[in-house]
Every structure is written in C-alpha cells, then in structure tokens.
Asker: 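Below: one structure in structure tokens.
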Amino acid sequence: MENKVSAPVDNNVFKKVVSHAKEYGFVFPSSEIYDGLQAVYDYGQNGVELKNNIKQAWYKAMTQLHDNIVGLDAAIFMHPLTWKASGHIDNFSDPMIDNKDSQKRYRADVLIEERAAEMEGKGLVEEAKVLVQKLARLLEAEDLKGVQELIINEKIVCPVSKTANWTEVRQFNLMFSTQVGSVAEDASTIYLRPETAQGIFVNFLNVQKTGRMKIPFGIAQIGKAFRNEIVARQFTFRMREFEQMEMQFFVRPGEEMKWYNSWKEARMKWHQAIGIPASKLKFHDHEKLAHYANAAVDIEFEFPFGFKEIEGIHSRTDFDLKSHQELSKKKQQYFDPEINQNYIPFVVETSVGADRSFLAVLCNAFTEETTGEGEDAKTRTYLKLHPALAPVKLAILPLMKKDGLAEKAREIYESLKFDFNVTYEEKDAIGKRYTRNDLIGTPFCVAVDHQTLEDNTVTIRHRDTMEQERVPIAALREKIGEAVSLKRILEKLM
Ligand code: ATP
C-alpha cells in the first residue's frame, strides 16, 4: 500500500525553495559571476514567465474587470519636487546602527524587535510588549539617542562580532539618488522612485480629463521601485530593486472608508484566486499609521519564516494630491457634477509587491510528496502552481524518437504553439521528462506513442495526481486552453 504524505519532509523548506528557484531557472542572484550584488536578483527563463503571469492576473483583474479602472506606465525618474511633496525626502528613512567591530550595519528598530521576539519565544510576553512599546515611543519622539540606549541597556550584541560596541543611531534615507544631465555643473540630483504611486498622482488630471473619468475611478500601474534597504535579507522578500503593482482609487471625501473596506476584501480574494489558500493569508492592521494615511492594513502570507506582508492597503486621504497642488501650484481638483462641487479627491491605495507575490506563490507551490515507506520511500518534488500561472502549460513528449513519433509530436507542438506556452522534449526516458516538468510546475504533459499514429489520440498526464487520460489530439487546444486560461483566475473575482 502506498503511503501518501503531502506535508513538507523537513522544516528547512525556505532553503529548499531558494535553491529550487536557482536550480530550475526561476531566480538567479544578480551578476553572479562577480559573486552577486546584495539584495538584487534576476528572473530566469521560468521565473520571468511565472512573474509575468502573476502581473497579468493582477493587471487584468484591475483594468479588464473594472470599467472605471485604467492603466498607466509612468517613468521611473520624476521631477525631484515630487519626492518633497510626497514626504519621501523628509520622512522616508529607517534608523540604522553600525557595530564598530564587525563593521556590519543593522536597523536599530529591527534589533530591538528581534530581541522582543526572542523574549516572547521564552514566554516573557509582557516584557516583550513593554519593550516594543518603549521602542514605539522613542521612534515617535524621534529620540535616536534613546533608541541607542535601549539597545545598550538590553545588552543586544552584534550577531557577527558578538560585541555591543555600537555607533550612535542615525536616520538613513532609503531613496537612491543619481545625477541627471551630462555636464557635472549642470547636474541636479534626482531619485529612483521608491514607490510607483507618485507617477499615478502626478498624472491624475491627465488621465481623468483625457479618459473623461468620473469619480470613483482608479489608475493601475506595474513598475520598478528602488529602496536602499539597510537590512536586505530573505531572498526576494526584501530587495533593493523590486516591482510594485499599485492601484490608486480616487473617491469622494468622506466615502474613503467604504472603499477601503471593499478593496480590502477584493484584494484578499485575488490572492486566493491565484491559488493561495485562505489559511495562509491574514490581515494585519497598522498600529502606527504613515504620515499620509487615516487607515492601513497589510495582507500577510505565511512564508516558511512566518506571516509577513505581501500587500498594503492604505487610505491615503487627500495628502498626496494636496501636497502636489501646493508645491506645483497647479490645481488638483475634480468637479463632481452629481453634487455640483469641486474637491481634491481622497485616495484608497492597494499596493502589492510583484516579487513578494511571486515568492508567496512559489513557497505555496513547492511540494514534496513521499510515497512508500522505509527503503522503498520515494519523494516527488513538484510545483503545484495554478495552471494559469505555470511557466509552461503543456509539454509534448514523444515516447521515443524513432518510428515517426518525433515527427508526430513536433506536428502537435507546431499546431498548439500559437495558443499557449508549449514545449517539445525528446531527450531522456519519458519518466525523467515528466520529473523535469514537475519541477517547473508544468500542469500537463502529453505523451505521443504508437497508438497516436494509428488513431490520433495521446495521453495527457496530470501533474498533481499523475493520472493519465487518453484524448484525441483535436481536443487538446480546447481542453488545455480552458484549464490554463487566466479566465480561470479572473472568474473567481466577480
Ligand atoms: P516593509 O514593511 O516590508 O518594508 P512596506 O510597508 O515599506 O514594506 P509598502 O511601502 O507598503 O511596503 O510597499 C507596498 C508593497 O511593496 C509591500 O507590501 C511589498 O510587497 C512591496 N515591497 C516593499 N518593499 C519591498 C522590498 N524591499 N522588496 C520587495 N518588495 C517590497
């Protein structure tokens, strides 16, 4: 009797996911031949497909399913005053501290939070709470000396040097800057955008007027953002160059909470629609609100290293448009014909990291299944990706090259390549080819055998169950096409 277990074989899952991502062409360290660049990653041949499919699922869910949401692709570089208005020049910083012995840099708040987590782990729940509250008070009062004293009093040491030989705590702005212009004297400092949202705000009136948009309406955008994160860890969870999928929804002042609540639910639904089980997702309300928000919540996913944010939903009030109006001296108002009034709209933002969503999908899909027991035990590793997200939808595999099977298989490949991402493979035994496809999450493999030559049927092998069924070649386009269509995701959202 076979003994099936779908739980991970050990608790080192995250390490396994990271090496799987590298080994099977999903994610590579950037410029690896030079030993990589910290917190920067490249997406390989399978990673780019998976990421593009996630982005498509998001973009279509926003724009195609809502007749009042349109897209935008704003430039990464923006006028420097944008970042003054948004508050990033003055507020977008983290407190950092260096250990003089190891020369390692840390986020001062994270060192204290980690100490609190340690305390909690030892059952000192109350003490941990007091520590976190102390930290919050010091940060609120911008008392950096106090934060340093807290680190010293708590006897927190550097994990590398094991000493408490700390520098003072300094604020560190997370924006990358560069010079624009070819002549140094003429050059002026500009920033790589730390969020895509501002590209939407500065185009609010352009889109509203040219698209004759009526409030409420939204603008959705996918694009790169850059943050000089002090502590960049946990693979693609925290990168210095990453991609955001953001939607700003412009509403009538006073109606923002209604929209905030409805977007909260809609976004939770989306994560589930792309295949993440509800049990691995939760809301986390912000205790300390950002300078621009009157309500904020995170959607967290249960990574192997714990529940962590993948998306933020923020009620941003009229903060951004109002600041841009003040600094640019250009009115950012909307005339609402229904109530016969001019106003600066309020904004509800949904902001999800494409890379974090990708990582969540990958962690969730990574499956190790053991069959048999003792010496007969065999482990099958595969990616249980939603078929619409899988990099390759269908692999066409001739049982052998000879007897005209290769030609027949090629013929099928040629006829389906216009419909979805299909591959053709003839090298190695068919079992090995199934395994290779399991490892990259291909939902369907088609085997072409001698019977195919006689009756034009093939066997479809299903990734998750390994079940096989015989179907006519003529049925493949519709059968596979239906199963791998993004429609399967989108229809769960209505
Ligand atoms: P964190 O608290 O983890 O730094 P944040 O609250 O600063 O995140 P937001 O500014 O709300 O993040 O950005 C929205 C989304 O952008 C996040 O939910 C996350 O998915 C993504 N994101 C933010 N910073 C990074 C990063 N350094 N690397 C990858 N994704 C990121």
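Ligands are counted one by one from 1 in listed order, and the atoms in each one are counted from 1 as well. Atoms considered below: every heavy atom in the structure, side chains included; atoms not considered: hydrogens, waters and symmetry mates.
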Asker: Under 3.5 Å, sequence neighbours excluded: what are the donor-acceptor pairs made by side chains of residues 298-308?
Answerer:
residue : atom : partner : partner atom : Å
D298    : OD1  : H286    : NE2          : 2.6
D298    : OD2  : H286    : NE2          : 3.1

Asker: Taking the basic N atoms (NZ, or NE/NH1/NH2) and the acidic carboxylate oxygens, is any pair closer than 4.0 Å for K129 and E120?
Answerer: no

Asker: Using the ring-ring contact (aromatic ring centres under 6.0 Å, His included) criterion, which residues pair with F226? Sequence neighbours excluded.
Answerer: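 Expected list: none.
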
Asker: Using a strict 4.0 Å threshold on nitrogen-to-oxygen distance, state whether R356 and E311 make a salt bridge.
Answerer: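 Result for this pair is no, no salt bridge flagged.
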
Asker: Which side-chain N or O atoms in residues 24-46 pair as donor and acceptor under 3.5 Å with protein atoms at least two apart or in another chain?
Answerer:
residue : atom : partner : partner atom : Å
E32     : OE2  : K22     : NZ           : 3.0
Y43     : OH   : D355    : OD1          : 2.6
N46     : ND2  : Y24     : O            : 2.9

Asker: Salt bridge check: are E256 and R316 linked by an N-O gap of less than 4.0 Å?
Answerer: no

Asker: Which protein residues come within less than 4.0 angstrom of ligand 1, counting heavy atoms only?
Answerer: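 Residue list for ligand 1: R227, E229, F237, R238, M239, F242, Q244, E309, I310, E311, G312, H314, S351, G353, R356.
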
